[in-house]
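To start, the structure itself, in structure tokens.
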Amino acid sequence: GIDVSECLQYPDYSIVVLYKRMVVGCAFMTPEGYITYICVHPEWRAAGIATFMLYHLVQAIPDRDVTLHVSVNNPAMILYQKFGFKPEEFIVKFYHKYY
């Protein structure tokens with residue numbers, strides 16, 4: 001599992017999407033505008049949940065640029081590009097330290 005307890009320090013920048021009592025998505029951002037996590041349950045992908053969460057995170061700080069790190073082979077790249085995100089830097093083995 002992923003420890004998101006530190007992210008919960010910023011409830012104004014945290015989103016948890018529920019279906020009944022099951023978490024189907026969550027997204028967390030720092031007050032500086034860095035998206036630390038954006039996750040959707042595999043069975044709920046393509047339901048617009050990530051779009052919903054990303055929209056609300058971006059709207060939370062309209063006067064700042066929002067940033068994130070994403071793997072180049074992540075299908076979410078298309079979503080991020082729709083929101084105007086552009087690659088600024090390619091970091092080789094960025095996620096390697098997490099596996």
Side-chain angles (χ1 to χ4, degrees):
I2 298 173
D3 180 8
V4 297
S5 57
E6 184 178 322
C7 300
L8 297 175
Q9 295 178 48
Y10 313 112
D12 292 341
Y13 309 103
S14 302
I15 300 170
V16 177
V17 179
L18 302 172
Y19 174 73
K20 298 185 179 182
R21 294 177 56 176
M22 181 175 77
V23 175
V24 295
C26 60
F28 305 101
M29 181 174 67
T30 66
E32 295 78 31
Y34 175 69
I35 297 175
T36 52
Y37 296 102
I38 185 163
C39 317
V40 176
H41 189 286
E43 295 177 12
W44 287 82
R45 292 189 180 146
I49 294 169
T51 301
F52 169 84
M53 294 187 299
L54 189 55
Y55 173 80
H56 285 283
L57 289 178
V58 170
Q59 293 300 309
I61 54 169
D63 56 335
R64 290 195 180 164
D65 289 335
V66 175
T67 61
L68 54 83
H69 285 97
V70 63
S71 176
V72 294
N73 59 351
N74 187 329
M77 286 284 286
I78 296 167
L79 172 65
Y80 302 141
Q81 289 172 347
K82 287 180 183 178
F83 272 84
F85 286 84
K86 294 180 174 61
E88 290 187 2
E89 180 180 9
F90 290 96
I91 303 170
V92 177
K93 297 183 180 181
F94 176 80
Y95 292 103
H96 191 69
K97 61 184 173 186
Y98 300 104
Y99 295 106

Practice prompt. Enter the distance from Thr67:OG1 to Tyr80:OH here, rounded to the nearest 0.5 Å.
Written response: 11.5 Å
Discussion item. Rounded at 0.5 Å granularity, tell me how far OH in Tyr13 sits from CD1 in Ile35.
Written reply: 13.0 Å
Worksheet entry | Under 3.5 Å donor-acceptor, Gln81 side chain and Ile78 backbone | no
Worksheet item: Going from CZ on Phe28 to OG on Ser5, what distance comes out if it is rounded to the nearest 0.5 angstrom?
Response: 10.0 Å
Worksheet entry | Pairs where residues 16-32 contributes a residue and the test side-chain hydrogen bond (donor to acceptor under 3.5 Å, both in side chains) is met, not counting sequence neighbours | Thr30-Glu32
Item to complete: In sequence, state the C-alpha distance, the side-chain angles, and the governing distance for Val66 and Arg64, and then conclude on side-chain contact (heavy atoms from CB on, under 4.5 Å).
Response: CA-CA 6 Å; Val66 175; Arg64 290 195 180 164; 5.9 Å; no
Fill in: Chi angles and distances behind the side-chain contact (heavy atoms from CB on, under 4.5 Å) call for Met29, Ile61
CA-CA 10 Å; Met29 181 174 67; Ile61 54 169; 4.0 Å; yes
Item to complete: Walk me through it: do Ile38 and Leu68 pass the test side-chain contact (heavy atoms from CB on, under 4.5 Å)?
Response: CA-CA 10 Å; Ile38 185 163; Leu68 54 83; 5.6 Å; no
Item to complete: Using the rule that two of Ile, Leu, Val, Met, Phe, Trp, Tyr join whenever any of their side-chain heavy atoms come within less than 4.5 Å, decide whether Met22 and Val17 are in one cluster.
Response: yes
Practice prompt. Any chance you could lay out the side-chain contact (heavy atoms from CB on, under 4.5 Å) test for Tyr34 and His69, step after step, and finish with the verdict?
Written response: CA-CA 9 Å; Tyr34 175 69; His69 285 97; 2.7 Å; yes
Worksheet entry | Within 6.0 Å of CG in Asn74, more than 12 heavy atoms from elsewhere | yes
Practice prompt. Measure the shortest side-chain to side-chain distance between Leu18 and Val23 over non-hydrogen atoms and say whether it is less than 4.5 angstrom.
Written response: yes
Worksheet item: Should Val58 and Val16 be regarded as members of a common hydrophobic cluster, given that ILVMFWY residues are connected when their side-chain heavy atoms come within less than 4.5 Å of each other, either directly or indirectly?
Response: no
Worksheet item: Is it the case that more than 12 heavy atoms not belonging to Gln59 sit under 6.0 Å from its CD atom?
Response: yes
Report all side-chain donor-acceptor pairs from residues 44-56 shorter than 3.5 Å, counting only partners two or more places apart or in another chain.
| from | atom 1 | to | atom 2 | distance (Å) |
| --- | --- | --- | --- | --- |
| Arg45 | NE | Val40 | O | 3.2 |
| Arg45 | NH2 | Val40 | O | 3.3 |

